[in-house]
Chemist: 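Mind looking over this structure? Questions follow.
Just so you know, ligand 1 is whichever comes first in the structure, and atom 1 is the first atom listed for that ligand.
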Amino acid sequence: MEKRISGTTGLFTLLGTPVGHSGSPAMYNFSFQKQGLDYAYMAFDVKKEQMPQAIDALRLFKVRGSNVTMPCKSVAATLVDELSPAAKIIGAINVIVNDNGKLTGHITDGIGFVRNLKENGVEVAGKKLVVIGAGGAATALQVQSALDGAKAISIFNQDDEFYANAEKTQAKIKEAKPEVEVNVYPLADQAKLKAEIDSADILVNATIVGMKPLDGQSLVDPAFLRQDLVVADTVYNPLKTKLIEDAESLGCTVAPGKGMLLWQGAAAYTLFTGKDMPTDEYQAYEA
Ligand code: NAD
């Protein structure tokens with residue numbers, strides 16, 4: 001490291017809180033070193049209300065780019081100079097690219113979701129998705145799937161503060177991609193959930209259910225699954241949720257959340273550097 005970092009090293013950052021557990025510094029620094037890029041990546045614990053100062057600091061220190069994590073993704077979108085088309089629709093960003101002082105916000109969570117499916121041999125174009133969830137991850141993957149040509153998206157959510165979000169996403173997709181059929185249903189309507197899964201190609205859990213401490217739980221009755229259904233999860237801790245295990249035991253194609261995490265990071269790396277991230281090498285190193 002002491003040989004790698006010099007007076008000319010360009011800085012990339014992660015902004016949000018908490019950030020201490022993040023795998024991003026290890027992943028990006030490994031990749032910069034592998035590709036001989038004179039960059040370094042550091043995480044900074046920043047609260048939502050500190051984001052205006054943090055964004056000013058990116059400009060002042062000519063930070064080359066930054067990731068943004070919870071709970072700062074929405075406020076960050078209001079502080080940059082320009083937004084990518086998906087970020088404009090979603091109103092949240094997880095990546096900032098600094099082009100000589102002009103900050104552009106992007107959101108790569110949905111890109112990572114679509115790429116994770118692709119890596120598992122599944123295209124979203126022309127497909128019907130059932131997505132349980134209406135929070136940050138759900139919104140990003142619903143919008144990206146619509147932009148990438150999904151035929152229909154049925155959103156289910158429990159009756160909480162996120163439900164209205166699903167209806168907002170439905171309206172936004174209707175405006176941006178009117179040809180995509182988007183419906184929103186209460187998760188409590190299990191008969192509807194079963195019927196929608198029956199006519200879907202891809203089922204996605206984009207809630208926190210399945211994530212520690214809710215591991216071992218699933219929102220989908222295993223009887224609703226069938227072998228030719230593709231089952232994806234956004235949860236990456238644990239690596240396999242109960243939903244993914246139920247689906248695997250039926251022989252379904254599965255796309256667990258760890259792949260989405262890797263590919264959203266890889267998409268950010270490309271925005272940062274213009275290069276493909278050495279994902280195979282990093283996965284081998286991490287294993
Ligand atoms: P969020 O807080 O924005 O949304 C939470 C969602 O979970 C809402 O839809 C809420 O209604 C639902 N929910 C909460 N408790 C529930 C319950 N008991 N029953 C049913 N639904 C419930 O969260 P988020 O940022 O969207 O994250 C969701 C999951 O996705 C987390 O596990 C997160 O780690 C993961 N995630 C993964 C990636 C990735 O790259 N793989 C990226 C972002 C988030």
Chemist: Could you pull out, from Thr241, Asn165, Thr207, the option with a heavy atom nearest to atom 6 (C) of ligand 1?
Modeler: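 Result: the heavy atom closest to atom 6 (C) of ligand 1 is in Thr207.
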
Chemist: Among Ala255, Ala137, Pro256, Gly133, which one has a heavy atom closest to atom 26 (O) of ligand 1?
Modeler: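 Among Ala255, Ala137, Pro256, Gly133, the closest heavy atom to atom 26 (O) of ligand 1 comes from Ala137.
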
Chemist: Please say which of Phe272, Tyr39, Tyr282 ends up in a ring-ring contact (aromatic ring centres under 6.0 Å, His included) with Phe32.
Modeler: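 Exactly one candidate clears the test, Tyr39.
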
Chemist: Does the side chain of Lys240 come within less than 4.5 Å of Val254's, by heavy atoms?
Modeler: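 Not in contact.
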
Chemist: In the protein, which heavy atom is nearest to atom 33 (C) of ligand 1, and how far is it?
Modeler: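 Checking every protein heavy atom, the shortest distance to atom 33 (C) of ligand 1 gives Met211 SD, 4.2 Å.
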
Chemist: Provide the closest heavy-atom pair for Lys275 versus Leu37 in the form atom of the first, atom of the second, distance.
Modeler: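 That closest heavy-atom pairing would be CE-CD2, 3.6 Å.
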
Chemist: Between the candidates Phe113, Tyr163, Phe162, which shows the shortest non-hydrogen contact distance to atom 2 (O) of ligand 1?
Modeler: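 Considering heavy atoms of Phe113, Tyr163, Phe162, the nearest to atom 2 (O) of ligand 1 sits in Phe162.
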
Chemist: Test of understanding: given a 4.0 Å heavy-atom threshold, classify the contact between Asp160 and ligand 1 as side chain, backbone, both, or neither.
Modeler: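 For Asp160, the contact with ligand 1 is made by the side chain alone.
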
Chemist: Relative to the heavy atoms of Asn157, which atoms of ligand 1 are at a distance of less than 4.0 Å?
Modeler: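 With Asn157 as reference, the close atoms of ligand 1 come out as 8 (C), 9 (O), 11 (O).
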
Chemist: Any idea which of Glu161, Lys212, Gln158 brings a heavy atom closest to atom 13 (N) of ligand 1?
Modeler: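 Nearest heavy atom to atom 13 (N) of ligand 1 lies in Gln158.
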
Chemist: Any atom of ligand 1 sitting under 4.0 Å from a heavy atom of Gly112?
Modeler: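 It does not; every heavy atom stays at 4.0 Å or beyond.
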
Chemist: Hey, is Lys73 close enough to Asp109 for a salt bridge, meaning N to O under 4.0 Å?
Modeler: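 Here Lys73 pairs with Asp109 in a salt bridge, since their nearest N and O are under 4.0 Å apart.
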
Chemist: Within the structure provided, determine whether Val143 and Thr169 are in side-chain contact (heavy-atom separation under 4.5 Å).
Modeler: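 In short, these two side chains touch, coming nearer than 4.5 Å.
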
Chemist: Indicate whether any N or O donor in one side chain lies under 3.5 Å from an N or O acceptor in the other, for Thr241 and Asn205.
Modeler: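 No.
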
Chemist: Heavy-atom contacts under 4.0 Å between Ile208 and ligand 1: side chain, backbone, both, or neither?
Modeler: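 The answer is both.
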
